[in-house]
Amino acid sequence: MSNSHSLKIYNSLSGKKEEFVPLEEGHVGMYVCGPTVYSDVHLGNCRTFVSFDIIYRYLRQKGYVVRYVRNITDVGHLTDDGEDRMAKGAKVARLEPMEVAQKYTVGFHELMQIFNTLPPSIEPRATGHIPEQIDMVQDIFSRGYAYERNGSVYFDTIKFAKENPGVYGQLSGRVIEDLLVETRDNLKSQDEKNHPSDFAIWMKARKEDLMVWKSPWSVGFPGWHLECSAMSTKYLGKTFDIHGGGNDLKFPHHENEVAQNVGACGCAPARYWLHTNMLLLNSRKMSKSEGNTISPFELFTGNSPFVSKGYDPMVVKFFMLMAHYRSTLDISDDALLAAEKGYRKIMETNRQLQAIAVNAADFDGSETDTDRKILSLIDDVFAGMDDDFNTAMAIASLNELGSYINKYVHQQIAANEIAPWVIERMKTVFSTVIFDIFGLRDETESGGDSGTMEGLMDLILAMRAKARENKDWAASDMIRDALAAVGIQIKDGKEGTRWEKIDV
Ligand code: AMP
Ligand code: ZN
């Protein structure tokens, strides 16, 4: 389904929305930093990957052939105390580091499927690309931006910044003096560096390090930032279209990636840098290291103090889509309840729309005001997506279309006010946007009886509340047990009784 707008993307490099023009007409190369697989991904990580899935889907929808590369970080990402996250995870669980990586990679894939995201075209692992990373260190060396100390190799940020003015700091807006403080590599090796903002591109192993490889400098392992530079170059070329990740990666990870690529080949890697904003919990960034996380499964089952009940993964995904990817998003039970309503409504509207059977013979072919309004709303849906993938705007326009569909179905507007071809176009637009672009599934009641189910449950819960008011505990328990027997669990809480379906 094509539309007439040009796609605008907010580019972190320029700090502006720019028209998207790929390097090669009709083709897009996109690299997104993937998860570090040393523990379960949390819901914040999911938000970033869901956002890029929608970007991927939308680019495809616009007719581009997209090569989407999303890596798996399975080595070299250090904790603040200088220990490799993978190795640390392995020691804690007494496993081989590769066992840890495999376990959490499988878990990540399962979750991505639950959220109905598409697999990337290539999913390279850092450990599978050590020779490429060693080559890149050599290239950086040969262009004079690296130095060796005791078997470790460091990137010379000061020399690089001097010789490439405006490059280091362009993404994060930081100046070199600020970089003195925040570096996320081995603190114990600070004294080996010429300057605190220099960062390791190869690290000599200590005897406790578990994942090590031979290199011209020492037995050791690559720095965390290097893998993305080496793998994006390998699969997308030295310069490619889009690089993405969460905005917490702008510094130091992405800043250092740019420096490495420019340092190795003299050319900038991505032309458009896209950064998703953070998912917040209690107004703070959801983060593994801060212990401020919620696991997606806790949300699905309702087994969390943050939620009053379980939410379907599609509701959680819809909650994410209700905000633009560059806005922060605060998760709360109320926001999820609102998303659940919104999700059910849009699915219900779609079912009603798809069920409309029109008789073309009844129409005289003239375009009505309602037709024109509907066509302009359809245009707004795509205008929203073309405006830096604004799913929130697209949903608002779909909802406005929904009110016409509702009125039409309930005969509040005359049947001949909407032309058959306009109805057909709405059918295509709804299913394309909600299923193909948003990647939602219809998990509301099959057969379109969700409204009936809700109504019946309201009635049953009202009867139970009445029984409890009359202290008729036997009747109240009987209702609860009978519901449990058919797979419906009820939970009494401060705000009344809620219900959810469970597996029996
Ligand atoms: P990590 O495994 O920590 O490297 O994170 C994987 C991806 O999730 C990166 O792109 C991060 O920027 C992103 N991310 C981490 N925390 C959040 C959050 N709270 N909200 C959105 N994205 C996040
Ligand atoms: Zn990366």
Side-chain angles (χ1 to χ4, degrees), residues 12 30-53 55 69-80 84-86 88-89 100-101 104-105 107-108 111-112 115 117 120 123-126 129 133 136 171-172 184 199 201 222-236 240 242-261 269-270 273-296 316 319-320 323-331:
S12 304
M30 175 162 92
Y31 186 94
V32 172
C33 295
T36 308
V37 283
Y38 71 105
S39 67
D40 289 317
V41 293
H42 59 67
L43 203 70
N45 305 130
C46 293
R47 179 187 188 200
T48 287
F49 299 126
V50 163
S51 300
F52 282 106
D53 179 61
I55 289 171
V69 183
R70 187 185 64 205
N71 68 303
I72 295 282
T73 296
D74 55 358
V75 70
H77 190 164
L78 300 180
T79 57
D80 291 340
D84 186 289
R85 283 173 194 248
M86 298 299 313
K88 189 167 183 173
V100 177
Y104 294 114
T105 304
F108 169 62
L111 204 49
M112 287 296 99
F115 278 120
T117 66
E123 194 169 46
R125 289 172 175 241
H129 296 76
Q133 297 182 68
M136 191 165 250
L171 261 184
S172 59
R184 198 182 180 182
F199 56 91
I201 47 182
W224 167 42
H225 315 300
L226 197 61
E227 59 171 285
C228 293
S229 289
M231 295 190 292
S232 62
T233 304
K234 173 161 177 152
Y235 296 111
L236 299 172
F240 54 95
I242 296 177
H243 192 310
N247 68 7
D248 58 336
L249 296 187
K250 271 188 190 166
F251 180 81
H253 184 52
H254 290 162
E255 205 68 84
N256 290 352
E257 257 191 79
V258 174
Q260 289 165 160
N261 286 95
W273 283 81
L274 271 69
H275 289 101
T276 52
N277 214 326
M278 295 292 106
L279 183 72
L280 311 178
L281 182 61
N282 296 324
S283 310
R284 280 192 307 129
K285 176 191 165 189
M286 195 173 281
S287 150
K288 247 178 270 195
S289 51
E290 306 252 330
N292 186 37
T293 63
I294 183 161
S295 101
V316 179
F319 158 73
M320 293 174 182
H324 183 222
Y325 77 86
R326 277 193 298 117
S327 317
T328 52
L329 177 61
D330 215 327
I331 192 159

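Each ligand, and each atom within it, is numbered from 1 in the order the structure gives. We number each residue from 1, following the sequence as shown.
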Passing option when K285 is tested against N277, T293, D248 for side-chain hydrogen bond (donor to acceptor under 3.5 Å, both in side chains) =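 When N277, T293, D248 are each tested with K285, the side-chain hydrogen bond (donor to acceptor under 3.5 Å, both in side chains) holds only for D248.
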[X] to ligand 1: N or O pair under 3.5 Å?
| X | value |
| --- | --- |
| L249 | no |
| L279 | yes |
| T48 | yes |
| F49 | no |
| D248 | yes |
| N45 | yes |

Give a yes/no on ligand 1: does S287 have at least one heavy atom closer than 4.0 angstrom to it?
->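 False for this residue.
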What class does the angle between the rings of H129 and Y235 fall in, given that below 30° is parallel, 30 to 60° is tilted and above 60° is perpendicular?
->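 Judged by the thresholds at 30° and 60°, the geometry between H129 and Y235 is perpendicular.
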Salt bridge (Lys or Arg N to Asp or Glu O under 4.0 Å) assessment of E255 paired with K250 = CA-CA 6 Å; E255 205 68 84; K250 271 188 190 166; over 6 Å; no
Under 4.0 Å to a heavy atom of [X] - the qualifying atoms of ligand 1, by number:
| X | value |
| --- | --- |
| N277 | 21 (C) |
| H42 | 16 (N), 17 (C) |
| P35 | 2 (O) |
| G246 | 10 (O), 12 (O) |

Looking at residues at least two apart in the chain, or sitting in another chain, which of them share a ring-ring contact (aromatic ring centres under 6.0 Å, His included) with H254?
->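 For H254 the ring-ring contact (aromatic ring centres under 6.0 Å, His included) partners, ignoring immediate neighbours, are H243, W273, H275.
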ring-ring contact (aromatic ring centres under 6.0 Å, His included) partners of H324, counting only residues at least two apart |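 Checked H324 against ring-ring contact (aromatic ring centres under 6.0 Å, His included); zero matches.
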What do the steps show when you test F52 against R70 for side chain to side chain contact (heavy atoms under 4.5 Å, CB included), and what is the final call?
-> CA-CA 10 Å; F52 282 106; R70 187 185 64 205; over 6 Å; no
Begin with the C-alpha distance, continue with both residues' side-chain angles, and end with the deciding distance and a verdict on side chain to side chain donor-acceptor pair (under 3.5 Å) for T276 and S51.
-> CA-CA 7 Å; T276 52; S51 300; 5.6 Å; no
Minimal non-hydrogen separation, S232 against Y31, with atom names |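 Nearest heavy atoms, S232 then Y31: CB-CD1, 3.6 Å.
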Give the minimum heavy-atom separation between Y104 and S39, together with the two atoms involved.
->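 Distance-wise, the nearest heavy atoms are CD2-C, 3.3 Å.
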Hey, is N247 touching ligand 1 through its side chain, its backbone, both or neither, going by heavy atoms under 4.0 Å?
->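 Answer for N247: neither.
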Which is it for T36 and ligand 1 at heavy atoms under 4.0 Å: side chain, backbone, both or neither?
->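 Both backbone and side chain.
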Is there a donor-acceptor contact under 3.5 Å linking the side chains of E227 and N71?
->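 Yes, because at least one side-chain N or O of E227 sits under 3.5 Å from a partner of the opposite role on N71.
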Can a donor-acceptor pair be found between the side chains of N261 and S229 at a distance below 3.5 Å?
->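 A pair is found: one side chain offers a donor N or O, the other an acceptor, under 3.5 Å apart.
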What number of protein N, O or S atoms occur at distances under 2.8 Å from the Zn ion (ligand 2)?
->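 Every protein N, O or S atom under 2.8 Å from the Zn ion (ligand 2) counted, the figure is 3.
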Please identify each residue that fulfils salt bridge (Lys or Arg N to Asp or Glu O under 4.0 Å) with R47, with sequence neighbours left out.
->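 In terms of salt bridge (Lys or Arg N to Asp or Glu O under 4.0 Å), with neighbours along the sequence ignored, R47 is linked to no residue.
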